[in-house]
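Let me begin by presenting the structure, written as C-alpha cells, before commenting on it.
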Amino acid sequence: MNKYRTHNCNELRKTSVGNSVTLSGWINKKRDHGNLLFLDLRDNYGVTQCIIDKDNSKFKELEKMQLETVIKIEGKVIDRSNETINKDISTGEVEVTIINFEVLGTCKELPLPVFSDQEYSEEIRLKYRFLDLRRKKIHQNIILRSKVISFIRSEMIKLGFLEFQTPILTSSSPEGARDFLVPSRLNPGKFYALPQAPQQFKQLIMVSGFDKYFQIAPCFRDEDARADRSPGEFYQLDLEMSFVEQEDIFDVVEKLMIKVFKNFSDKKILFEKFPKITYSDTMLKYGTDKPDLRNPLIISDITKLFVRDDISFEIFKKLVKKGSIVRSITIKNIKDKPRSFFDGIDKWAKDQGSSGLAYFTLEKNQKISGKGPVGKFFSEESLIELMKLTNAEVGDTIFLSCGKQSDVEKILSLARTKIAEELNLIKDDHFAFCWIVDYPIFELDELTKKIKFSHNPFSMPQGDIHNLDLSKPLSLKAYQYDIVCNGIELSSGAIRNHIPELMYKLFDIAGYSKKDVENKFSGMINALSYGAPPHGGIAPGIDRIVMLLANEKNIREVTMFPMNQNAQDLMMNAPSEIEESQLKELSLSLKTKK
RNA sequence: GGGGGUGUAGCUCAGUUGGUUAGAGCGAUCGCCUGUCACGCGAUAGGUCGAGGGUUCGAGUCCCUUCACUCCCGCCA
C-alpha cells in the first residue's frame, strides 16, 4: 500500500463509511470553531472535508497549519447527518475524522490566495504561476487542454496520420515573422533559428513518401503579444497530406473540428458544413479575413452612389472623385435609440483613429427620406438605390465610412463588432466556423509599390498550372485557405506548389532571382526536383481551439507557463544575462546599451 | 515604435473640490467559540499611496518625467 494515500480527495462516498483511510493533499480551507476544526483537503481530483476536535492531542498543532500546507491525514470515513450534507462537492455526503496527521510540505505566507474566485494582476499570477495553477478555473482549463490534445492525437491516428517530430534547431527563414536565433558554437558567426512552423519539414516529409503527417508542433515567432497571441511560442496541430485537393483537407479538418468541439463544449455549432467565403467577399461584407459569423451585420459598398447629382454630400463626393470608396453597415431596429447612442458610435470610431462614422435612418412619410445629421444630403431616388445596394428597408439605420479601401475595411470591421456587442446581437452560446478561400497570391506593398507575396510563397496557384497566365499577377488566386471560428483565425493552410519551375516564376514576380530562391530555400527546391507528390495541409492553432472551448478571451488562461507581454518569464527569470565565458564560447560580444 | 487603461497594506479594492492621524474585506498574529462548508465574534500588527521632480501654506488627489503590468495599432509568409 502506498504510504501517502489510500484514496484521492474525490473518491470517498457513502459506501466508504466506516473505512480507515489515508489522504494526502493541500489544506484548501479551514473553518476553526475553537474546539472543533473543519479542514478541506484538496488534490487534483477534488476536495474532502476532514474534521478534528480538541479531544485529539494533535488538535492544537493542526489548528495552526497555514493554508496550502501539504499534509497526510489518517482517519476514518464517517456519515454526515442530513442537514450537514454539502451538495456542492461530490464527497459531500461523508467526511473524514482525523486520527493522525503529518506535514509533507510546509507553506510560507501566501502572496496570493488559492481558495478565492477573485481576479489577480497578471504580474503576481505569472510570478507565482505554480500557486495560480492550483486555482480551480485555470486548473480545469489546463486539464481540458491536455484532454483536447489527447483526443486530437487519437483522432488523427485513427484517420491514418503518422506523428513525426521535426527539428527545433533549424535555419532562419527570410519570409514571415522575426525568428528566434540560437548562436552556433561549432560554427562561429552562424545561427540556428527556432522554427516559426515546421512548414518546410512537413513538405519534405511528403516528398519522403510518408503520405499523411501530423504533429502537435511548437512554433516560435518573435512578435509582439496580443490577448490571443502568446509571445514566444505556441502550438499547432500541424498536418500535411499527399495526393490531395483542397476539398480533401477541408473534409478532414471539418470532421475533426466538429468532433472536438462537440466533445468538449455544449455550445451549438451553427454550420455543420462550414461556409466557404472568398477572400474578396469577406473583405467586402465583413471588412476582415476573420469574420465572426455569429454577428448578423453586413457591410455593403455604395461608392457608386456618390457620383449622382441628387446627392449633395460634398465631402464624400470629393473624396470619391479622388479614389476613395464608401461602404456602409445596415442595422435594424435602432431608430428609437437616443441620439447619444449614435454619437457615441461616431466618437468611438474617431477614438479608433478613423475620421468617424456618418449615419442616418431611413424614414417614410410621404416619401422616403434620411433622418439624422447627413440624411438631408440624399434624394428619395438615391435612397431607393441605396436600399437596393444594401438590402436596407425603411426604418433601418445606415452607418457610412468613406476613405481609402483598407481604412474603410478596418473601421467598419471594428464597428460591426462594436455595434453588435452594444446591441447584444452576438450569440455567445454558438460556434460559427467558416473557410476563407481564394486568397490572392500577390499584393501591392503600399510603401514600396512593389508586388510581394501576400501569404505563403509556397502555395499553389489556381488555374492551369502548365499554362498559367502570369501577366496580371495581382489577380492570381492561390489554393490557400484559412479556417475561422467566432472571429478568431484558427489556422491557415494551402495546397503547396510542388513544381520548382513554377515556383521560380512566382518568386521572380516578387523580385527574387532564381539564385535567391536556391539560396534561401535550397532544401525545399532541391527536394521538389526529385519527384515530389502534389500535397497540401493546414495547421490549426491548439491554444486558440482550447481558448474557444474554455470560453476564455485570453490565451494565457489556457497556457500553463506563459510569458508576459514583454516576453519575460517572471517565474523563471527568462530571458536572463549570461556569463562572459558563454559569450566567448559562442564567439559573441555584446554592444552595451547606454 | 505609437495610443489607451491601471498602479494605495501580503491579496482585492475605496479614498469627495487639494485640507487633521490614508480606510474596508480577505490573509497574517493573538484570544473566544463543537456542525461549519465564503463559519462567527473581538483585538493586534502591517503603508517610501510605483519612482523622481514640480505647483501649493498644504499633494494619494493637480502638472511634468519615468518605470511596471495590461489592452490595442504597427508587426504576425
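To find a chain, count down the sequence lines: A is the first, B the second, and so on, and within it residues start at 1. The shown structure was predicted, so the numbers you read here are calculated from the model rather than taken from an experiment.
- Counting only distance, with no hydrogens or angles, the side chain of A/Lys202 and the backbone of A/Leu239 share a donor-acceptor pair below 3.5 Å.
- A salt bridge is absent between A/Glu223 and A/Arg229: the closest approach of a Lys/Arg side-chain nitrogen to an acidic carboxylate oxygen does not fall below 4.0 angstrom.
- Note on residues 118-140 of chain A: no pairs pass ring-ring contact (aromatic ring centres under 6.0 Å, His included), not counting sequence neighbours.
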Which letter, B, S or -, goes with each nucleotide of nucleotides 29-38 of chain B from 5' to 3', with contact meaning a protein heavy atom under 4.0 Å? ----BBBBBS

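- With sequence neighbours excluded, the residues that form a side-chain contact (heavy atoms from CB on, under 4.5 Å) with A/Pro540 are A/Leu237, A/Met257, A/Ser491, A/Ile538, A/Ile545.
- In this structure, B/U48 makes no Watson-Crick or G-U wobble pair, since no nucleotide meets both defining distances under 3.5 angstrom.
- Distance check on atom C1': B/C71 versus B/A24 gives 29 Å, rounded to whole Å.
- The closest side-chain donor-acceptor pair between A/Ser340 and A/Asp343, if any, does not fall under 3.5 angstrom.
- Across the strands present, B/G1 finds its partner in B/C73; the criterion is a Watson-Crick or G-U wobble pair with both atom distances under 3.5 angstrom.
- Nucleotides B/C30 and B/C72 place their C1' atoms 50 Å apart, quoted to the nearest Å.
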Show each protein N/O and nucleotides 2-11 of chain B N/O combination with a separation under 3.5 Å, one pair to a line.
residue: B/G10; atom: O2'; partner: A/Pro111; partner atom: O; Å: 3.3

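- Look at B/G25: its Watson-Crick or wobble partner, with both distances under 3.5 angstrom, is B/C11.
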Sequence neighbours left out, cut at 3.5 Å: what donor-acceptor pairs do the side chains of residues 60-68 of chain A make with other protein atoms?
residue: A/Glu68; atom: OE1; partner: A/Arg42; partner atom: NH2; Å: 3.0
residue: A/Glu68; atom: OE1; partner: A/Arg134; partner atom: NH1; Å: 2.8
residue: A/Glu68; atom: OE2; partner: A/Arg42; partner atom: NH1; Å: 2.9

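- Taking the P atom of each, B/A9 and B/G15 are spaced 15 Å apart, rounded to whole Å.
- Residues meeting the side-chain contact (heavy atoms from CB on, under 4.5 Å) test with A/Thr417, sequence neighbours left out: A/Glu421.
- Distance noted for atom P between B/C41 and B/G18: 37 Å (whole Å).
- Nucleic acid contact class of A/Ser116 (heavy atoms, under 4.0 Å, all strands): none.
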Could you run through nucleotides 70-76 of chain B and give me one letter per nucleotide, 5' to 3': B if any protein heavy atom sits under 4.0 Å from the base, S if only the sugar-phosphate is that close, - if neither? BBSBBBB

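- Using atom P as the reference point in both B/C49 and B/C11, the two lie 15 Å apart (nearest Å).
- Residues satisfying the side-chain contact (heavy atoms from CB on, under 4.5 Å) criterion with A/Met283, sequence neighbours excluded, are A/Tyr279, A/Asp289, A/Glu409.
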Distance-only donor-acceptor hits, side chain of residues 83-90 of chain A, under 3.5 Å, sequence neighbours excluded:
residue: A/Glu83; atom: OE2; partner: A/Ser81; partner atom: OG; Å: 3.4
residue: A/Thr84; atom: OG1; partner: A/Ser81; partner atom: N; Å: 3.3
residue: A/Thr84; atom: OG1; partner: A/Ser81; partner atom: O; Å: 2.9
residue: A/Thr84; atom: OG1; partner: A/Ser81; partner atom: OG; Å: 3.2
residue: A/Asn86; atom: OD1; partner: A/Asp88; partner atom: N; Å: 2.9
residue: A/Ser90; atom: OG; partner: A/Asn10; partner atom: OD1; Å: 2.5

Side-chain donor-acceptor distances from residues 560-571 of chain A under 3.5 Å, at least two apart:
residue: A/Asn564; atom: OD1; partner: A/Asn566; partner atom: N; Å: 2.9
residue: A/Asn564; atom: OD1; partner: A/Ala567; partner atom: N; Å: 3.3
residue: A/Asn564; atom: OD1; partner: A/Gln568; partner atom: N; Å: 3.0
residue: A/Asn564; atom: ND2; partner: A/Gln568; partner atom: OE1; Å: 3.1
residue: A/Asp569; atom: OD1; partner: A/Met571; partner atom: N; Å: 2.9
residue: A/Asp569; atom: OD1; partner: A/Met572; partner atom: N; Å: 3.0

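- For the P atoms, the distance from B/U70 to B/C26 is 30 Å, rounded to whole Å.
- In this structure, the CD atom of A/Glu68 is 12 Å from the C1' atom of B/G27, given to the nearest Å.
- Taking atom P in both B/C63 and B/G31, the straight-line distance is 49 Å, to the nearest Å.
- Taking atom P in both B/G19 and B/G58, one finds a spacing of 14 Å when rounded to whole Å.
- The stretch residues 480-493 of chain A does not touch RNA chain B, since none of its heavy atoms comes less than 4.0 Å from the strand.
- For the side-chain contact (heavy atoms from CB on, under 4.5 Å) test, residues two or more places apart in sequence or in another chain that qualify with A/Lys350 are A/Asp346.
- Partner assigned to B/G19 is B/C57, using Watson-Crick or G-U wobble distances below 3.5 angstrom.
- Taking the six-membered ring where the residue is Trp, A/Phe507 and A/Phe458 present tilted rings, their angle falling between 30° and 60°.
- With hydrogens and angles disregarded, a donor-acceptor distance shorter than 3.5 Å links the side chain of A/Asn141 to the backbone of A/Glu557.
- Of the possible polar contacts, none joining the A/Ser459 side chain to the A/Ile441 backbone as a donor-acceptor pair under 3.5 Å is found.
- Using Watson-Crick or G-U wobble geometry with both donor-acceptor distances under 3.5 Å, B/C33 finds no partner in any strand shown.
- In this structure, B/U6 and B/A68 make a Watson-Crick or G-U wobble pair, each of the two defining distances being under 3.5 angstrom.
- Distance alone, capped at 3.5 Å, is enough to place a donor-acceptor pair between the A/Glu11 side chain and the A/Asn8 backbone.
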